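Shown next, in structure tokens, is the structure this report addresses.
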Amino acid sequence: MSVRVRFAPSPTGFLHIGGLRTALYNFLFARHHGGSFILRVEDTDQERTVPGAVENIIEMLRWVGLEFDEGPHVAGPYGPYVQSQRLELYQQQVQLLVERSAAYYAFDTPEELEHMRERQRRAGIAPKYDRFSMRNSFTLPPDEVQRLLAEGAPTVIRLLVPLDQEIRFHDIIRGEIAVHSHDVDDQVLLKSDGFPTYHLANVVDDHFMRITHVIRGEEWIPSTPKHILLYRAFGWEPPQFAHLPLLLNPDRSKLSKRHGDVAVEDFRQQGYFPEALLNFVALLGWNPTPDRDIFTLDELIASFELNKVNRAPAIVDRKKLDWMNAQYLRMLPVDRLAHELQPVLHSLNYPEFPSEYVARVIALLRERVDRLPEIATFGDYMFVPPRHYDWEYFRKYWHEELPAWLEELSAVLEHLEPFVTERLQQRIRQFAEERGQPLRALVHPLRLILTGKSVGAGMFETMEVLGKAECIRRIRIFLTEQLPTIAEQMRTA
RNA sequence: GGCGCAUUCGUCUAGGGGUUAGGACACCGCCCUCUCAAGGCGGAAACGGGGGUUCGAGUCCCCCAUGCGCUACCA
């Protein structure tokens, strides 16, 4: 039987990186075994469903390169893939359970349930549906039950959990897990609005969609016994289970927005590469080989093994993501990067530049930043003349004769051909030596004049990319507009 | 409270009876150097505690502690 797995988000918000990892592991498992990767939308809670959430989830997964084989947007033989479109199926199936006495009707109001829990809390016992004291088909006479049903009174259907039984199941990641039926609640299966709860819909769909492996978050471990009970009651073979460890904030709390960005969309917006984000998230809870950290999707697929996934939760470390993204920034082809940087340059209102030029700037600066968009800000001087100068830096290398040298150097550069790194290096070094100065006495002022900053790529490489005309222009502007006043300050200071 | 899951450097992890407990990020130092990076070299840094089992436990078992999850007509 071929492997079939599903990613089953509820459309209640944006895809966050925990969801991304769950989707990724499902995807890796499916691809590794040549199986199918299915999207199923679990929108059984009318109140919490957020319009547009499904589209966002699909778009984010597509952005990182995870494509589904079946789902609401691609169809498939086991649809519909949206639970709100399968209500009739759940209702039919749960009816079977009632007929087999594996489930029963209950008529309690929310207030009655609240009172029950209040009593239990005061008595110091675990809150759990009390089958024998509430209003349901156990406590009510049959004709009364019939009457309530006929009247259309608010009704739910609950799972009849066996009284004294150990429920056990095997988890691929964690091994045997056992829970006593005492500790399993008579879970609502069909809500009074006719919608199924997660538990019912999940089991029914996994069965009819022929899901072979359920790979989901650890928070589902406590309800898996209910699912096992349902499979038994239906007489179906349960799928295999694998519960993934949680992803945590740096303070070990459950991943949340309050601790920074968690939505995949946020990372995209900040200029992280999809490859880097996916690579990073893949290594939270699993690693293909301990000797390196950078893997292609194909490599991840080839080495993925569910039973090698860790059991302990993992903390999301932004620093490592930054490092990983930087690795990709250095190895991705510059023409792609240039293409992606153009919109950023545009949004910053920089003039238009040919991709050829943008590519050269990227090659020049990519080792100095973590994310592509930073090139536009860190290297702003490659696109517009410096507007601010780091005078502190300038002061450090100030020399009485600097104004004169700059005049002379400007003339020298005018005649330098070709205007390339090696020639610049050689000529400026010679220029400094002729004046009994170390190279840095010229390079630093030049850097300030050309870039406004104290940091950046190699000066000669930078000059070559900037081009002769622009270099000379910036020196001339500096000489006439900045130097007269600044020189005066330097002398008096 | 009950039930469940988990526990190796600060973080991600390798390890599955015999290891100087390895790698990566971050951190510190040195080298390189026109600055900043990158890179190279080096450093500091971990098996939560207690009992067992065994000739021998990070590795197996039990207890405790701690953390997290679940405990809805949410998923």
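Here the structure is a predicted model, which is why all the values come from computation and not from measurement. Just so it is clear, the values below take in all heavy atoms, side chains as well, and ignore hydrogens, waters and symmetry mates. Below, read A as the first sequence line, B as the second, and so on, with proteins coming before strands; counting in each chain starts at 1.
- OP1 or OP2 of B:C3 has not a single side-chain nitrogen or oxygen of A:K128 nearer than 4.0 Å.
- Across the C1' atoms, B:C28 and B:C34 are found 26 Å apart, a figure rounded to whole Å.
- B:C12 and B:C70: their C1' atoms are spaced 26 Å apart (whole Å).
- Counting non-hydrogen atoms under 4.0 angstrom, A:D108 reaches a base of the nucleic acid.
- For A:R447, whose side chain is taken as the heavy atoms from C-beta onward, the closest listed nucleotide among B:C5, B:C34, B:A72 is B:C34.
- Side chain A:S454 to base B:C36: no donor-acceptor pair is found below 3.5 Å.
- Residue A:R48 places none of its side-chain N or O atoms closer than 4.0 Å to OP1 or OP2 of B:A72.
- Across all strands shown, A:I125 has no heavy atoms under 4.0 Å from either base or sugar-phosphate atoms.
- Among the heavy atoms of the strands, none lies under 4.0 Å from A:Y393.
- When heavy atoms are screened at a 4.0 angstrom cut-off, A:V156 is found touching base atoms of the nucleic acid.
- Each of B:C73, B:C34, B:G1 was ranked by its minimum atom distance to the side chain of A:H444; first place goes to B:C34.
- Listed candidates were B:C34, B:A37, B:A6. Nearest to the side chain of A:R368 is B:A37.
- The nucleotide whose nearest atom lies closest to any side-chain atom of A:I221 is, among B:U7, B:C3, B:G4, B:G4.
- Contact annotation: A:N287 does not reach the phosphate of B:C12 (side-chain N/O to OP1 or OP2, under 4.0 Å).
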Please produce a list of atom pairs where a protein N or O lies less than 3.5 Å from an N or O of nucleotides 66-69 of chain B.
none

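- Contact check, A:T44 against B:A75: a side-chain N or O comes under 4.0 Å of OP1 or OP2.
- On the C1' atoms, B:G58 is 12 Å away from B:U7, given to the nearest whole Å.
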Going through the checks in order, is the side-chain hydrogen bond (donor to acceptor under 3.5 Å, both in side chains) test met by A:H170 and A:E176?
CA-CA 5 Å; A:H170 178 82; A:E176 299 305 316; 2.8 Å; yes

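- Using a 4.0 Å cut-off between charged nitrogen and carboxylate oxygen, A:R119 and A:D130 do not count as a salt-bridge pair.
- Straight-line distance between the C1' atoms of B:A21 and B:U8: roughly 8 Å, to the nearest whole Å.
- Stacking of A:R423 on the aromatic ring of A:F419 is not recorded, the 6.0 Å distance cut-off and the 45° axial limit not both being met.
- Residue A:K453 places no side-chain N or O under 4.0 Å from the OP1 or OP2 atom of B:C34.
- Between A:F68 and A:Y81, the gap from one ring centroid to the other reaches at least 6.0 Å.
- Nearest to the side chain of A:D185, among B:A72, B:C36, B:C73, sits B:A72.
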Under a 4.0 Å heavy-atom criterion, the protein footprint on nucleotides 19-33 of chain B, written with B, S and -, is ---BSBB--------

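- In this structure, A:A106 reaches neither bases nor backbone, as no heavy-atom distance under 4.0 Å exists between it and the strands shown.
- Residue contacts shown for A:R117 are limited to sugar-phosphate atoms, with no base heavy atom under 4.0 Å away.
- When heavy atoms are screened at a 4.0 angstrom cut-off, A:G458 is found touching base atoms of the nucleic acid.
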